[in-house]
Amino acid sequence: MHQLVPQKLVTVIASDVLEDRLIATVRNRGASGYTLVRARGAGSDGLQSGNLDADTNLMLKLILPPERVSGLLDDLEILNRKGYHLTVYVTDVLVMGHEKFERPMDI
Amino acid sequence: MHQLVPQKLVTVIASDVLEDRLIATVRNRGASGYTLVRARGAGSDGLQSGNLDADTNLMLKLILPPERVSGLLDDLEILNRKGYHLTVYVTDVLVMGHEKFERPMDI
Amino acid sequence: MHQLVPQKLVTVIASDVLEDRLIATVRNRGASGYTLVRARGAGSDGLQSGNLDADTNLMLKLILPPERVSGLLDDLEILNRKGYHLTVYVTDVLVMGHEKFERPMDI
Amino acid sequence: MSAFSNLLIPAVLFFALGFFARLIKSDLRFPPDLAKILSIYLLVSIGLHGGMELANANLGEALVAVIWALVLGLLLPVIGYALLIATRRVAPLDAAAIAAHYGSVSAGTFLTAIAFLGTQGVEYERYPLIMLAVMESPAIVVGLLLASWTRRRAVAGGSLRPADEGEPGNGGLGEILREAFTNGSVVLLVGSMLIGAIANPNALEALDPFTADIFMGMLCLFLLEMGLEAGRRFGDFRRVGLILGGFGVVMPLIGGVIGLLVGHFMLGFSVGGTTLVAVLGASASYIAVPPAMRLAIPEANPSLYLTLSLGVTFPFNVVFGIPIYHHLAVLLAGWT
Amino acid sequence: MSAFSNLLIPAVLFFALGFFARLIKSDLRFPPDLAKILSIYLLVSIGLHGGMELANANLGEALVAVIWALVLGLLLPVIGYALLIATRRVAPLDAAAIAAHYGSVSAGTFLTAIAFLGTQGVEYERYPLIMLAVMESPAIVVGLLLASWTRRRAVAGGSLRPADEGEPGNGGLGEILREAFTNGSVVLLVGSMLIGAIANPNALEALDPFTADIFMGMLCLFLLEMGLEAGRRFGDFRRVGLILGGFGVVMPLIGGVIGLLVGHFMLGFSVGGTTLVAVLGASASYIAVPPAMRLAIPEANPSLYLTLSLGVTFPFNVVFGIPIYHHLAVLLAGWT
Amino acid sequence: MSAFSNLLIPAVLFFALGFFARLIKSDLRFPPDLAKILSIYLLVSIGLHGGMELANANLGEALVAVIWALVLGLLLPVIGYALLIATRRVAPLDAAAIAAHYGSVSAGTFLTAIAFLGTQGVEYERYPLIMLAVMESPAIVVGLLLASWTRRRAVAGGSLRPADEGEPGNGGLGEILREAFTNGSVVLLVGSMLIGAIANPNALEALDPFTADIFMGMLCLFLLEMGLEAGRRFGDFRRVGLILGGFGVVMPLIGGVIGLLVGHFMLGFSVGGTTLVAVLGASASYIAVPPAMRLAIPEANPSLYLTLSLGVTFPFNVVFGIPIYHHLAVLLAGWT
Ligand SMILES: Nc1ncnc2c1ncn2[C@@H]1O[C@H](COP(=O)(O)O)[C@@H](O)[C@H]1O
Ligand SMILES: Nc1ncnc2c1ncn2[C@@H]1O[C@H](COP(=O)(O)O)[C@@H](O)[C@H]1O
Ligand SMILES: Nc1ncnc2c1ncn2[C@@H]1O[C@H](COP(=O)(O)O)[C@@H](O)[C@H]1O
Ligand code: NA
Ligand code: NA
Ligand code: NA
């Protein structure tokens, strides 16, 4: 039978101009991969209608071993302090095939 | 070091013709913002292939302080009772920079 | 007042060439519906830029009664063993109107 | 055989290709936005042409055409509703939602009919283009009125608690009218028509390569996608059941015949124009009406009306209906 | 009245239709990708045409035009910044970000001006097309320099801790220049221009149906979407406040007049060419500059600059500005 | 130099622009749907033209061309597989998946070759268009057969447990053939070809502005996006390794030469037609084959075959390959 292992799911919602920067961060923190979903929304930075290059959001989903979460959040806080608008939340998840999430991406 | 604070993440999946109505509800309940993702799917309302205006779904993601969740769910239940098909679920999350989720949107 | 009932949310991230196969699996396991979101990403199968038919991902979201999760995961593990790259995780959620998630889809 | 020479029209063939692709379970898929983009394009192009015709039209004749368009749009949903209730297979609110689709029109079907007349070398009046725009909304209003009436009867009969007034989905007549006329497709079509009527004619001519020359190609892509979509829905046919499925074939025939009579006797149109009015009567909306119904009659099952309109009536009209209506228009013209 | 005959240009009317659709709260919506697709199309088409003009241009004259384009692109943001700071209603980093938009240009406005001149039968020089490409980036650089300077002053004044050097958003001049010139729209426009200048002329001609014939139609769709978007932003006007909103009208007038003077006196252009230079001066970017500002001046509020550029200045220019600048160009030509 | 005058073809230049944009790390990005929309457009347009040629073709000659297309499609993957296994750098299932790409074709490369011949004023036979459609699927079948065979050998050798029969990814020959021929791009291309062959010719002519006039522009946009995509993949070159990267250059040369021989000796084509057959042999699929491989050979690494096909072979063919094959075709024609 399958075995589920607890890991952390970090979700980041931000303007999609930050894509390259967020992915670089994720790589540096040794994630095994990442998933991006296009999003729209609104918040303190106003309406993000999704129709213009500058007002589309992205949602980054990242599964990480619990011990690596803190380092990633440090990086995200630096971006936050610079003025970028990031919505970040962490969820407990149980993953299938947990070893894959411990191997860093090789690209 | 960063500090994570527990909040609730409410997810609503519904036909995207409800977009304006859902956003109005969210505003009324004092959310600090919201995130929308385009979705497809199927359920008791049949196939939502995403290709026509009337059969595209949306997924609304909303971070709320726990004490405001109940009020929002009341509003969503009214929609449900009117016959709209809403899939609603609540998840526990830990957020970064929790104060931002307590300030209502000003737009 | 509304009543929230615990259920499981299973998320599957995979290449979108698997769409039909995943949906068939979901139907067989008696899900009441499913939700699909288009995604991009990267992992051990390389970059999924989302621009070509062969390198777009999808994210499947599925709410299931806890007792049905295990059967679904068995099916997903078979796909995994065949060599397909699936990222699968399970989250605890509280749903509104839980009965709807117990009725299998009739399409 | 001439009656089926419409099967040699590329637009119809592309529709068939899409349908066939689903039948053989091909993984051919259109990006979801493409259908929306193509329908925006088609509505804008039709609107501009309709407007240019309107600018040159005899206003008296145009007015008569508009009035008959209103009559069709108001009458057909009532007939549809009565028929559906008579089958005893469908809940009253489902009947209201389905009926609304049949009082409105399908631009895809209408354009296929124009392509059909084109290949047959049949001339046609331009007023049906204006009627097409006029017919988008009234049926929505009738559908919503039928739904209100159904709900009131249910409340009176005790099978429904009184609706919370002022809440969404329970709007008054004003709200109903507003929603019917601010419907995205209606605004696009009527707005483009207005632009076509008032804009500088030389400037409009510069739009021709976009709105006219590449039009047929865009229509082919649109019908290809609609074929895929119809094929996907056609599988739900069994869900809908034989009797309801039969409605999807009978109702366009009824609408088509009423349209024929209006076109020939009331509007005095030629064979071509009469065929087009028949198509307006026969076709069911799958762009403008479904979102309006989802919003305003949430109790109705969208898979019923989408399957009927897109999975049954649309293919029927494109493949069989159009040549039939044309054939009948020829007979009618010869007969009187 | 001739001054407002631009209201009969289809592109302007489609803009108005989009704006109106939001006003009446229609549910008309464009798929998010359509705006991006249309803007890619427009940039490529303008670029190719600019490049073909460049290939045939008198290089000396072209050089003078390029230099004045640079001057406008560098000067206008400084004026804008000073004005904004003078209002005392806006934080310095917001001022820097907003100002950058006004030194750059809006292809949509420029193309509408060309359509306007076309319907008026006014001839124009081709150099403004080249100037359009040149003016995309310099204002970005000025905006970032203003922001750096503001940040340094704040650090010196103690209201900001020193920026962590080498970290994103705090790049040096090299990084700033790189980002300004590798901006997606800049690469697309300048790249297409280069292709237009060097490619085989016969092969380029084969592109004409795509880049020229259907261009006006694509522009109409783009302006329809921009109308929707402007309508959506216009509602935020109250957020922006009256004084800042006033800037969105005054600044284009200032930029327009400076452009008029440059076009007429420095470049010796005809009425048409002078009008176009005025439009380059008057218009504010909403494609190229906003993403650059989000990335490099994260402290600035994007809803301020998007509302001003897209919700105030763009509609103002399209409806009132263009005929005004043209009128002034006529006066200027008669007067000297 | 005439051999590189293909670098003055707009389509090639747009490819280079996309590639260059990635090189300088520009943030230029296409909305994900645009590539899919453009490829749908290209397949439909090619299909229609192929079909119209087919309708006018000498059936005997067409049949011979089709047979040789089948031979190429069946032979080339076997050669590719043998070569890859010989390098000892790639797992057998990866080899099977990669090989399948080289037996199929790239419409983008083929169309660039047509543009190249066009600017050189070289005439060509129309049969290669039909061959293009024929060659989409057979290589998929060969790839899957090679994979089955590999898996059976591994099971026999004990390095793999026996596959669960009837489960996805382990289908029998029937299932393999079905999947190869219901592949979305195959259905679109072959379906459009059929429509082009049977539809009413006048009605087809009305599609010309869409399928022919704006074709070159659409191709330019498509190649721009493919340039971006190739640039993105090219960075993975180091992942693929030098030897495997070398395969991405050597294999098209082998396929090109075999194509040349087939075109010249077996089909008796002119220089233009022979060049096109060479391009069919040389080019590797990146639209139709990759999804089929992901589904049917899940054990293979998609980043290997996408990098090779799109990041190495496609740029090689577009920039160097086409003029080389043309040059060789000229030599061959002079020599015999
Ligand atoms: N309470 C919230 N719930 C969900 N998403 C939010 C919330 N607040 C902000 N967001 C998202 O985060 C983005 C940035 O928000 P902000 O940091 O408030 O400017 C917005 O555009 C939304 O997409
Ligand atoms: N069990 C489920 N898991 C995930 N999404 C669902 C589920 N059931 C329904 N949905 C989503 O909710 C929408 C409405 O479903 P329904 O209320 O069943 O008509 C569907 O179109 C799906 O996108
Ligand atoms: N650590 C991760 N977090 C989030 N998504 C992931 C992660 N690893 C892989 N993925 C997603 O799962 C897909 C398949 O990954 P893989 O199984 O590693 O090839 C990738 O394309 C990503 O979209
Ligand atoms: Na009708
Ligand atoms: Na300006
Ligand atoms: Na090949």
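Not measured: the values here are computed from a predicted model. Per chain, numbering begins at 1; letters A, B, ... match sequence-line order.
With F:Thr182 contributing its side chain and D:Ser26 its backbone, the two residues share no donor-acceptor pair below 3.5 Å. Between the side chain of F:Asn200 and the backbone N or O of D:Ile9, no donor-acceptor pair lies under 3.5 Å. Under the 3.5 Å distance criterion, the side-chain polar atoms of F:Arg178 are matched with a main-chain donor or acceptor of D:Ile24.
Heavy-atom distances place no part of D:Phe20 under 4.5 Å from chain F, backbone and side chain included. F:Asp33 touches chain D through backbone and side chain together, each having a heavy atom under 4.5 Å away. At a 4.5 Å heavy-atom cutoff, the contact between D:Phe14 and chain F is made by backbone and side-chain atoms alike. F:Val44 touches chain D through its side chain: at least one heavy atom from C-beta onward sits under 4.5 Å away, while N, CA, C and O do not. Neither the backbone nor the side chain of F:Leu194 comes within contact range of chain D; no heavy atoms are under 4.5 Å apart. Only the side chain of F:Ile40 has a heavy atom closer than 4.5 Å to any heavy atom of chain D. Contact annotation for F:Ser192: both backbone and side-chain heavy atoms come within less than 4.5 Å of a heavy atom of chain D.
Closest of all the heavy-atom pairs between F:Leu207 and D:Gly217 is CD2-N, 3.4 Å.
For the options F:Ala199, F:Pro291, F:Pro31, heavy-atom pairs under 4.5 Å to chain D are most numerous at F:Ala199.
Note that CG of F:Leu189 is 11.5 Å distant from CG of D:Leu28, once rounded to the nearest 0.5 Å. One distance of note links OG1 of D:Thr119 with CG of F:Asn202; it measures 9.0 Å at 0.5 Å rounding. To the nearest 0.5 Å, the span separating CG on D:Leu224 from CD1 on F:Ile195 amounts to 7.5 Å. We find the NZ-CG distance between F:Lys36 and D:Leu34 to be 12.0 Å, quoted to the nearest 0.5 Å. For the atom pair CG (F:Leu188) and CG (D:Leu17), the distance works out to 6.5 Å, reported to the nearest 0.5 Å.
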F:Ile37 vs D:Ile37, test: side chain to side chain contact (heavy atoms under 4.5 Å, CB included). Steps then yes/no. CA-CA 11 Å; F:Ile37 292 173; D:Ile37 292 173; 4.2 Å; yes

Going through the distances and angles, do F:Phe210 and D:Met218 end up as a side chain to side chain contact (heavy atoms under 4.5 Å, CB included)? CA-CA 8 Å; F:Phe210 183 71; D:Met218 299 289 262; 3.5 Å; yes

